[in-house]
Enquirer: 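My structure is below; once you've seen it, I'll send some questions.
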Amino acid sequence: MASETSQATLHSSVSDVAAGGAAHASHGPTGLLRWLVTTNHKEIGSLYLIFSLVMLFIGGSMALVIRAELFQPGMQYVQPEFFNQMTTMHGLIMVFGAIMPAFVGLANWMIPMQIGAPDMALPRLNNFSFWLLPVAFGILLSTLFMEGGGPNFGWTFYAPLSTTFAPPSTSFFIMSIHLAGISSILGAINIIATILNLRTPGMRLMDMSLFVWTWLITAFLLIAVMPVLAGVVTMMLMDINFGTSFFDAAGGGDPVLFQHLFWFFGHPEVYIMILPAFGIVSLIVPTFARKRLFGYASMVYATASIALLSFVVWAHHMFTVGLPLTAELFFMYSTMLIAVPTGVKVFNWIATLFRGSITFEVPMLFALGFIVMFTIGGLSGVMLAIVPADFQYHDTYFVVAHFHYVLVPGALFAIMAAVYFWLPKWTGHYASETLGKWHFWLSVIGVNLTFFPMHFSGLAGMPRRIPDYALQFADFNMISSIGGFLFGFSQLIFVWVVIKAVRGGRKAPAKAWEGAEGLEWTVPSPAPLHTFDTPPAYDPQTDSPSRH
Amino acid sequence: MGRILYAYLYAASICLIVLSTTAQASSINTSSGFNMPPGVTEISREVYSLHMTILWICVAIAVVVFGVMFYSLIVYRKSKGAKPAHFHENTTVEIIWTAVPLVILVLMAVPATATLKKMYDTSDAELDVLVTGYQWRWRYEYLEEDVSFFSNLATPREQIYEAEEKGDFYLVEVDEPMVVPTGVKVRLLLTANDVIHSWWVPDLAVKKDAIPGFINETWFKVDEPGIYRGQCAELCGRDHAFMPIEVKAVSPDEYQLWLASRREAAEAEVAGADREWSLDELMERGAGTYNTYCAACHQPQGQGLPPMFPALAGVGMSVDPDGLRAHKEIVLYGKTGTAMPAFGSTLSAAELAAVITYERNAWGNDTGDLIQPSAIRAMLESQ
Amino acid sequence: MDQQQRQAGVQRTVIRTLWVLLGMVGFTVALVPLYDVFCEITGLNGKTADSAQVISAQGVDDSREVRVQLVTRSGNGLPWRLVALDPVVTVHPGQISQVRFEFTNVGEQQSSGRAVPSVSPSAGARHFRKMECFCFEQQWLQPGESMQLPLVFQVDPDLPKDIRTLTLAYTLYPMDEVVALGGFRD
């Protein structure tokens with residue numbers, strides 16, 4: 001078994017992948033099998049990250065198919081039914097295959113190292129939760145080649161379009177969602193068990209890094225809402241195959257029930273994709289401002305309040321379904337309320353920058369990009385909460401612009417920032433500053449060129465999820481498409497940066513960044529396969545991010 | 001690297017210049033092209049001003065937040081010799097930046113609540129129209145006026161597939177617009193036949209979901225005559241992009257004339273079922289009906305899109321000599337659990353007879369079956 | 001903290017999270033009936049009660065008139081015709097009224113269908129009380145058979161003052177393939 005691997009091995013797991021999977025000297029299985037059975041949190045973390053990178057490119061290619069078709073009015077490259085499969089699969093793959101697994105990968109790598117634990121609490125379960133994912137997404141991708149094509153009803157798969165009127169492959173889609181859901185639940189249980197039990201002696205909850213904190217809260221969200229997702233797809237499966245009518249008015253069911261159930265899962269899901277990003281940014285900003293995070297405690301409370309509020313705002317995705325006036329008002333007010341804790345977070349980051357000693361290494365650039373563009377997405381979110389105006393925004397490109405601002409320069413930039421931040425720890429080498437800066441600036445230009453014009457086309461009246469549009473929207477769509485290709489191809493630089501850092505580069509010391517704090521910077525770079533076999537000494541008076 | 005980027009941006013800017021000089025597309029609504037349309041109703045103008053208020057508040061917040069942020073980034077650079085301060089909390093400041101946003105939110109919520117209440121007040125409407133979403137067209141039924149019709153996309157296929165130049169109202173034009181009188185409060189009742197659709201006309205600030213089996217309602221009142229265009233706003237399958245909405249507001253007198261002409265046309269349709277039709281007549285009429293109502297799923301050449309939409313050319317009941325009855329029934333009553341609607345209650349006997357005849361004789365099906373409108377009428381009346 | 005203590009802690013946490021998980025699964029299952037109850041109480045989505053209701057004895061409010069519109073629609077796949085014989089009636093809140101609907105099977109086989117009601121505006125749905133309705137059960141019709149069925153209803157005097165028109169729409173659906181799980185629970 002990999003756990004028997006010699007402790008003398010100092011090579012990181014990432015370097016093995018790049019070296020063609022060649023295993024280093026160990027007594028356990030070698031080659032591919034080693035990766036199949038590994039229970040080491042660092043190796044599993046790498047597997048998650050590599051998987052999510054592959055999914056990012058698959059989902060990204062689908063986005064480029066969409067943008068190519070929308071480059072100008074008229075149908076040029078694909079048929080509407082394939083276009084719908086692309087929008088659906090792009091959403092599903094990015095949400096469940098790219099963003100979520102990337103955060104789980106980061107959690108696997110960093111949570112044990114940040115709390116001084118030797119590994120995750122349940123290493124074998126950890127291996128299982130990862131390997132469910134390639135199976136789930138293998139099934140999902142295979143539906144594209146089935147008769148009638150893959151899922152074509154949007155990533156929100158509203159019934160009855162996704163039940164009575166769905167292609168035959170829908171049962172496979174449901175199966176893949178179940179597998180991905182089980183993977184997430186098992187991952188969440190493991191993370192909770194690790195954080196609550198394996199902290200080094202002396203580390204209290206309020207001494208944990210904000211990345212650990214946000215992940216703890218995220219894991220609870222996962223446990224709370226993944227069963228709802230599983231339930232809703234099970235009901236779909238029964239409606240399709242066993243003649244029930246949960247969502248079919250013909251049998252006494254209700255299509256709107258689907259939307260309530262879906263968004264009861266779906267809104268917390270949105271925060272599942274952003275809370276860990278908050279944690280990452282809360283580590284990177286203080287590091288490169290060389291100043292302690294402003295308002296550690298309020299950051300924790302703000303994260304918890306966002307998580308709690310996420311359970312009472314779901315119907316803001318459904319303002320046009322015809323809810324009673326009182327319900328519309330309730331969900332409008334509760335949604336607006338979320339702006340308060342979110343604002344607190346942004347203000348805290350800026351207060352951290354204020355009177356710091358700031359440098360602009362690549363992780364910091366991505367974190368700063370996150371703050372600016374996430375705030376833009378947050379502000380358009382406030383606009384979307386206003387029901388009368390939402391009647392005009394709903395299901396238009398304005399919404400597409402909004403959620404891409406919080407998910408691409410939001411969640412994805414935070415993941416990129418995290419990779420640049422911890423790459424020296426993982427590989428022992430700094431990422432190339434020059435290439436990293438090219439990657440950052442091209443991404444910023446690409447992202448804004450793609451998504452900012454979508455605000456305009458949406459406001460002017462362009463619905464989302466359409467393969468063809470009126471001539472009035474042509475200009476902004478052309479700009480969006482140009483931006484989309486620029487952004488997509490810029491990500492190849494990222495792959496090159498990572499491969500380069502794995503192979504070599506400027507050597508990193510244990511504490512890779514001057515202003516870095518936390519236990520992970522006390523172990524050598526690259527981090528040995530096994531760290532903290534004995535819990536490290538920890539004194540909250542000097543080591544805690546909440547110390548006075 | 002730099003050269004590639006340069007070439008790319010150069011090509012992109014050429015594209016944009018070409019685009020901005022050639023495609024002077026006409027506006028399909030009252031939008032300036034990059035902002036929400038102010039629209040043509042009292043409500044739509046109120047929504048627009050609400051939108052602008054919130055927008056400016058958000059812009060102001062962004063300016064302040066980013067102002068402080070960029071000030072810090074410029075002034076407190078390490079390269080300029082900035083030394084880090086040591087503060088990391090301040091209760092007063094934290095209370096202020098929790099309370100101030102709350103106050104701003106309340107200020108936004110007040111006008112929003114007032115406008116929403118008005119939008120929900122459907123009482124005292126003078127005209128009720130039932131709007132039904134189908135895959136992929138809208139149907140309007142003027143309750144208590146005995147007028148009803150489908151409204152289909154009017155843009156020809158050739159324009160969509162680049163064989164013809166696109167018209168000004170590409171994809172936002174219909175064969176039969178919904179006509180309403182000006183100055184009259186119109187109450188819309190919305191439902192759907194198959195999946196969820198959403199009826200959206202930006203200039204009226206009306207967007208409401210049409211849900212199968214359920215009824216929703218909303219209202220609008222247009223003061224100015226004109227044509228106001230919109231689209232389905234909820235993903236409803238393959239041709240979601242191709243089910244536009246056109247609302248034509250005319251003076252009350254003109255509206256009455258229109259109603260009369262609709263009724264006359266409907267009577268002429270009914271009368272058409274009394275006489276004998278020739279095969280050529282039926283085939284010609286049937287081709288038109290087929291292309292409007294059937295071709296989106298079963299395809300112009302009858303090849304279908306299996307497995308969701310079966311082929312009609314050369315296979316199945318449309319070539320089976322014994323399949324005539326089943327063929328008629330499926331067209332008239334639809335098929336459970338599929339997108340095939342019951343056309344019997346919505347198309348005229350002549351259209352139904354023609355389209356069934358067409359399907360049994362076009363694309364080499366050549367069954368020679370000729371179905372008379374009178375036979376269809378007898379079926380529907382079941383005597 | 002030693003190794004054993006940690007292991008015990010992990011086990012305890014896992015068991016607790018599994019309980020939370022199980023609770024959420026139960027909650028999800030419960031959401032479906034809860035939603036139905038919620039709809040019935042609030043009239044959400046224009047749903048009305050699916051069994052006969054008792055007459056509200058609050059007396060007739062002669063000062064107000066409510067226009068009740070009756071709309072019929074046919075779903076896909078049932079060769080039936082459903083006609084509201086009294087498409088519009090004007091009633092006083094509290095008054096008990098009867099309207100008739102005609103069902104005709106124009107097909108060649110015996111078939112079964114059910115009319116699914118929806119009331120708009122939804123705020124008025126729970127004030128629309130049905131004493132007798134064909135929508136409580138499914139109907140069977142022989143080929144060519146036609147029957148008239150009544151709807152006996154009362155508009156509750158508690159109906160909000162600003163609602164002056166109520167629309168009741170019936171959509172007719174075939175009933176052959178429907179399993180009584182997650183759907184009609186009668």
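All values below come from the heavy atoms of this structure, side chains included, with hydrogens, waters and symmetry mates left out. Throughout, protein chains are lettered first and strands after them, A, B, ... in sequence-line order, and every chain is numbered starting at 1.
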Enquirer: Is atom CZ of A:Phe128 surrounded by more than 12 heavy atoms (other residues, nucleotides or ligands) closer than 6.0 Å?
Expert: no
Enquirer: I need the C:Leu21 CG to A:Ile185 CD1 distance, nearest 0.5 Å.
Expert: 5.0 Å
Enquirer: With respect to chain C, which residue among A:Ala224, A:Ala327, A:Gly231, A:Ala230 yields the maximal number of heavy-atom pairs within a distance under 4.5 Å?
Expert: A:Ala224
Enquirer: So, for C:Arg6 and A:Pro118, which heavy atoms are closest and what is the spacing to 0.1 Å?
Expert: NH1-CD, 3.9 Å
Enquirer: Please round to the nearest 0.5 Å and tell me the distance separating atom CG of A:Asn197 and atom CZ of C:Arg12.
Expert: 7.0 Å
Enquirer: Under 4.5 Å from any heavy atom of chain C, what part of A:Leu325 do you find: side chain, backbone, both or neither?
Expert: neither
Enquirer: If you measure from CG on A:Leu257 to CG on C:Asp36, what distance do you get to the nearest 0.5 Å?
Expert: 7.5 Å
Enquirer: State, to 0.1 Å, how close A:Ala250 and C:Val116 come at their nearest heavy-atom pair, and which atoms those are.
Expert: O-CG2, 4.5 Å
Enquirer: Check whether A:Phe264 gets within reach of chain C through its side chain, its backbone, both or neither, counting any heavy atom under 4.5 Å.
Expert: side chain
Enquirer: Among C:Ser120, C:Gly75, C:Gly9, which has the most heavy-atom pairs under 4.5 Å with chain A?
Expert: C:Gly9
Enquirer: I need the minimum non-hydrogen distance between C:Val14 and A:Ile189, along with the two atoms involved.
Expert: CG2-CG2, 4.1 Å
Enquirer: Do you see a donor-acceptor pair shorter than 3.5 Å between the side chains of C:Tyr35 and A:Asp254?
Expert: yes
Enquirer: Please tell me if the side chains of A:Leu229 and C:Thr28 come closer than 4.5 Å, counting only heavy atoms from C-beta onward.
Expert: no
Enquirer: Quick check: closest heavy atoms across A:Gly322 and C:Ser122, and the distance to 0.1 Å?
Expert: O-OG, 4.2 Å
Enquirer: For A:Pro255, is it the side chain, the backbone, both, or neither that has a heavy atom closer than 4.5 Å to a heavy atom of chain C?
Expert: neither
Enquirer: Hey, could you give me the OG1/CD1 distance between C:Thr17 and A:Ile223, rounded to the nearest 0.5 Å?
Expert: 5.0 Å
Enquirer: Measure A:Thr194 against the heavy atoms of chain C and call it side chain, backbone, both or neither at under 4.5 Å.
Expert: neither
Enquirer: Mind listing the closest non-hydrogen atom pair of A:Pro227 and C:Val25 along with its distance?
Expert: CB-CG2, 3.8 Å
Enquirer: Examine whether an atom of A:Met235 lies under 4.5 Å from a heavy atom of chain C, and if so say whether it belongs to the side chain, the backbone or both; otherwise answer neither.
Expert: side chain
Enquirer: Given a strict heavy-atom distance threshold of 4.5 Å, which part of C:Leu172 is in contact with chain A: side chain, backbone, both, or neither?
Expert: neither
